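I have placed the structure first, in the form of structure tokens, so that the comments after it can refer back to it.
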Amino acid sequence: MEERATQEAGETCHEGFDPATYLKNFYSPEEALLDREDSICSWMMARLQRVFNEGDVKGDLLVDIGSGPTLYQVMSACEVFNKVILTDILDVNRNELKLWLQNEGGSKMDWTPFLKKACELEGRSPSEWTEKAARLRQVVTDVLPVDVHRPQPLALHALPPGGADCLLSCFCLEAACTNVASSNRALGHIGGLLRHGGHLLVLGVLEEIYYCAGPGVWIPVVSLDEAQFCDSVKRCGYTLIRHEVYTLPQDIKRENDNLTGVIFVKARKN
Ligand code: SAH
């Protein structure tokens, strides 16, 4: 997919995104705080484990939109779906994912604590993390370019004709968009990749203004509150099944943090 040279109104520019900085800022052990039940990462992992354990979110193919350089989001999903496709607009992120998936020592990111956490949440022994890593590497069949601002975000024929059975997207729409109209448009575009009756699962930040994606790289994001988030999902052709909100505890808030919380949405395409 060719990179678009210019940004339209409402679209962010991700030049300067540095996977290593992003991973360190949000997913290193000292930031992820997986040993604390009330950390953002523990909360997200628990939401994801629960939703993939409920039984109704299932099928052959799950597509994760805007995966960035991260894998935590599909660690429970990989036990339920036969195939998982990861996607991102940036080569650097897709390359980072491929390095981990190839398992030839090229990735500097150690996902072990997250794999152990996912096992624990599933009621398994953390020592089974190696089996989970192997399952993840087997189930992820592709890492593809995507652009949520295109009416057709993936290359033609990237997915089977009916579309995916489930779409997951974590912190991508707000990062790709600077206003609500653009974010709603993007949500509509990715909906085209999902079969009717398929599930949409979204993790999003609430009321954030920017995020740090590289040394000195602060990317503006669309700042939505809980009601706007739910409204967007309903407007874009989905039935909202449930939403849950996480509020950042004061003692976890970092100096440069400007987000108040995180929202998790489970919806079904009409
Ligand atoms: N899902 C990951 C990464 C979120 S960071 C996580 O949970 O941490 C936001 C991601 O959105 C980045 O990887 C960025 O490259 C991607 N992104 C930005 N603009 C995009 C666009 N127009 N289409 C698809 N992805 C985009």
Side-chain angles (χ1 to χ4, degrees), residues 1-28 31-32 39-45 47-48 62-77 84-98 100 109 111 114 118 140 143-155 158 167-179 182-193 200-206 208 210-214 217-222 246 259 262-265:
M1 188 179 292
E2 282 175 34
E3 298 264 331
R4 283 165 311 131
T6 53
Q7 256 74 42
E8 305 279 329
E11 302 181 7
T12 56
C13 166
H14 270 67
E15 209 179 295
F17 189 106
D18 175 44
T21 305
Y22 181 78
L23 288 167
K24 181 172 170 296
N25 282 351
F26 298 101
Y27 301 102
S28 59
E31 300 299 339
S39 70
I40 295 192
C41 284
S42 294
W43 185 85
M44 300 191 306
M45 295 293 286
R47 300 284 80 62
L48 291 164
L62 175 142
V63 179
D64 179 40
I65 302 292
S67 308
T70 72
L71 287 154
Y72 73 91
Q73 69 276 21
V74 286
M75 288 180 184
S76 286
V84 168
I85 294 180
L86 303 177
T87 67
D88 201 80
I89 195 168
L90 297 179
D91 284 341
V92 281
N93 285 334
R94 298 197 303 275
N95 290 341
E96 175 60 38
L97 293 171
K98 286 178 194 163
W100 189 88
M109 182 63 190
W111 286 107
F114 285 84
V140 176
V143 182
L144 301 178
V146 70
D147 185 350
V148 298
H149 295 306
R150 292 179 188 246
Q152 197 179 296
L154 291 175
L167 275 192
L168 173 66
S169 191
C170 308
F171 311 119
C172 169
L173 293 177
E174 63 269 49
C177 307
T178 59
N179 63 43
S182 163
S183 161
N184 282 347
R185 238 183 348 261
L187 195 53
H189 294 159
I190 65 170
L193 305 170
L200 170 77
L201 309 172
V202 182
L203 271 169
V205 287
L206 291 173
E208 192 180 46
Y210 51 78
Y211 78 103
C212 182
V217 181
W218 294 90
I219 297 182
V221 302
V222 56
Y246 165 87
L259 88 163
V262 174
I263 186 166
F264 175 70
V265 165

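Just so it is clear, the model here is predicted, and its values are computed rather than measured. Whatever order the structure lists them in is the order used to number ligands and atoms, beginning at 1.
- Evaluated for a side chain to side chain contact (heavy atoms under 4.5 Å, CB included) with Leu167, the options Leu62, Ile65, Leu201 yield exactly one hit, Ile65.
- Near Ala176, meaning under 4.0 Å from one of its heavy atoms, ligand 1 places the atoms 19 (N), 20 (C), 21 (C), 22 (N).
- In Tyr72, the part holding a heavy atom less than 4.0 Å from any atom of ligand 1 is the side chain.
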Decide side-chain contact (heavy atoms from CB on, under 4.5 Å) for Ser182 and His149; before the verdict, give the C-alpha distance in whole Å, the side-chain angles of both, and the deciding distance to 0.1 Å. CA-CA 8 Å; Ser182 163; His149 295 306; 3.6 Å; yes

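- At a heavy-atom distance under 4.0 Å, atoms from both the backbone and the side chain of Cys170 approach ligand 1.
- Proximity to His149 (heavy-atom distance under 4.0 Å) selects the following atoms of ligand 1: 22 (N).
- A distance-only check finds a donor-acceptor pair linking the side chain of Asp88 to the backbone of Gly68 [under 3.5 Å].
- Of the listed residues (Leu23, Val146, Leu90), the one carrying the non-hydrogen atom nearest atom 24 (C) of ligand 1 is Val146.
- Distance alone, capped at 3.5 Å, is enough to place a donor-acceptor pair between the Thr70 side chain and the Ser67 backbone.
- In this structure, the side chain of Gln73 does not engage the main chain of Asp64 through any donor-acceptor pair within 3.5 Å.
- Within ligand 1, the atoms closer than 4.0 Å to a non-hydrogen atom of Ser67 are 1 (N), 2 (C), 3 (C), numbered from 1 in the order shown.
- For ligand 1, the atoms lying closer than 4.0 Å to a non-hydrogen atom of Ala175 are 9 (C).
- The main-chain N or O of Pro145 is never found under 3.5 Å from a side-chain atom of Thr87 such that the two would form a donor-acceptor pair.
- At least one donor-acceptor pair closer than 3.5 Å links the side chain of Tyr246 to the backbone N or O of Ile40.
- The shell of residues lying under 4.0 angstrom from ligand 1, judged by heavy atoms, includes Tyr211.
- Between Trp43 and Ile263, the shortest heavy-atom distance links the atoms CH2-C, 4.3 Å.
- The shortest N/O to N/O separation between Val148 and ligand 1 falls below 3.5 Å.
- Across the listed options Asn93, Asp147, Thr87, Asp88, Asp147 owns the non-hydrogen atom lying nearest to atom 22 (N) of ligand 1.
- Within ligand 1, counting atoms from 1 as listed, the ones closer than 4.0 Å to a heavy atom of Tyr27 are 6 (C), 7 (O), 8 (O).
- Atoms of ligand 1 lying under 4.0 Å from any heavy atom of Gly66, numbered from 1 in the order shown and given with element: 1 (N), 2 (C), 3 (C).
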